[in-house]
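Below is one structure, written out as structure tokens; the observations come after it.
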Amino acid sequence: MKFTVIKNLQKDSAMSLILRGFLIFILLYLISDIFVMKSNFGISPEALSATLFGDEEAYIDPMNEASFLEFWHTHIFFIMMILLTLSSIFIRVAKKSRAVLTNTLMISAILSLVSLPLAFYLSIFFVNVYLITYFLWHLAALYMILYSFWKLNARSV
């Protein structure tokens with residue numbers, strides 16, 4: 001994360017190019033994450049509930065605990081890496097409302113990660129909380145990526 005110590009990203013065209021490429025990869029990850037979530041878990045309350053708890057009418061078995069914990073564990077790692085790198089890029093290029101957007105991103109992602117096991121172990125109510133916070137942190141991250149990309153392009157021209 002050398003870009004955190006470079007004083008002026010505007011003058012370092014190589015690092016600016018690397019960051020733009022990295023932002024594209026994060027964008028591709030976020031988009032593909034939604035498609036993977038849709039195909040594996042579901043992105044509607046009904047589909048997610050059927051995946052977690054099963055559906056007798058559709059002959060869907062509930063997810064076992066080991067599979068759930070493995071999914072949750074890998075999800076925590078990937079979200080952590082995305083949030084930390086994206087936030088450090090965004091904070092470097094944004095001047096206004098960076099605290100609000102960064103906090104929105106972090107809090108919604110953490111709530112997303114916490115609400116999924118709460119749904120699995122405690123109550124189906126948390127399925128809706130999970131879906132809302134999941135899409136909220138994706139939208140916040142999408143905005144931060146596009147804004148950072150725009151600012152990096154504006155600085156390099």
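Predicted model, so just to flag it, every value in this text is computed and none were measured.
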If the condition is side-chain contact (heavy atoms from CB on, under 4.5 Å), which residues does M80 pass it with, not counting sequence neighbours? F77, L84
Looking only at heavy atoms, the pair that brings F68 and P117 closest together is CZ-CA, 3.5 Å
Report the distance from atom CE of M63 to atom CD of E70, rounding to the nearest 0.5 Å. 9.0 Å
Please list, chain by chain and in numerical order, all residues satisfying side chain to side chain donor-acceptor pair (under 3.5 Å) with S67, sequence neighbours excluded. N64
I need the single residue from L116, N40, I76 that forms a side-chain contact (heavy atoms from CB on, under 4.5 Å) with F71. Which is it? L116
Can you list the residues that meet the side-chain contact (heavy atoms from CB on, under 4.5 Å) rule with L111, with sequence neighbours excluded? I107, T133
Is there a continuous path of hydrophobic side-chain contacts, each under 4.5 Å between heavy atoms, that joins W72 to L83? yes
For F149, check ring-ring contact (aromatic ring centres under 6.0 Å, His included) against everything at least two apart and list the hits. none
Applied to residues 73-84, the side-chain hydrogen bond (donor to acceptor under 3.5 Å, both in side chains) test, sequence neighbours excluded, yields none
What are the two closest heavy atoms between M144 and L101, and how far apart are they? SD-O, 4.0 Å
Would you call the rings of Y147 and W150 parallel, tilted or perpendicular, taking 30° and 60° as the class edges? tilted
Honestly curious: do I91 and V93 fall in one hydrophobic cluster under the side-chain, below-4.5 Å linking rule? no
Starting from L136, can I reach L131 by hopping between I/L/V/M/F/W/Y residues whose side chains sit under 4.5 Å apart? no
What's the separation between atom CG in L17 and atom CG in N153, rounded to the nearest 0.5 Å? 10.0 Å
If hydrophobic clusters are built by linking Ile, Leu, Val, Met, Phe, Trp and Tyr wherever their side-chain heavy atoms come under 4.5 Å apart, do I145 and F22 end up in the same one? yes
Return the set of residues passing side-chain contact (heavy atoms from CB on, under 4.5 Å) with I132 (not counting sequence neighbours), or none when no residue passes. none
Test of understanding: with ring-ring contact (aromatic ring centres under 6.0 Å, His included), list the residues that count as partners of F126, not counting sequence neighbours. none
Could you check whether any side-chain heavy atom of L23 comes within less than 4.5 Å of a side-chain heavy atom of L86, counting everything from C-beta outward? yes
Sort and list the pairs that fulfil side-chain hydrogen bond (donor to acceptor under 3.5 Å, both in side chains) and have at least one residue in residues 101-128, not counting sequence neighbours. E65-Y121
side-chain hydrogen bond (donor to acceptor under 3.5 Å, both in side chains) contacts touching residues 49-60 (sequence neighbours left out): none
For A47, does its backbone N or O pair with a side-chain atom of S44 as donor and acceptor, under 3.5 Å? yes
If hydrophobic clusters are built by linking Ile, Leu, Val, Met, Phe, Trp and Tyr wherever their side-chain heavy atoms come under 4.5 Å apart, do F25 and L105 end up in the same one? no
Sequence neighbours left out, cut at 3.5 Å: what donor-acceptor pairs do the side chains of residues 26-39 make with other protein atoms?
from: S32; atom 1: OG; to: L28; atom 2: O; distance (Å): 3.0
from: S32; atom 1: OG; to: Y29; atom 2: O; distance (Å): 3.0
from: D33; atom 1: OD2; to: Y134; atom 2: OH; distance (Å): 2.9
from: D33; atom 1: OD2; to: H138; atom 2: NE2; distance (Å): 2.8
from: S39; atom 1: OG; to: F35; atom 2: O; distance (Å): 3.4
from: S39; atom 1: OG; to: V36; atom 2: O; distance (Å): 3.1

Does any part of the side chain of L52, heavy atoms only, come nearer than 4.5 Å to the side chain of F41, both counted from C-beta? yes
Residue set satisfying ring-ring contact (aromatic ring centres under 6.0 Å, His included) with F53, at least two apart, ordered chain then number -> none
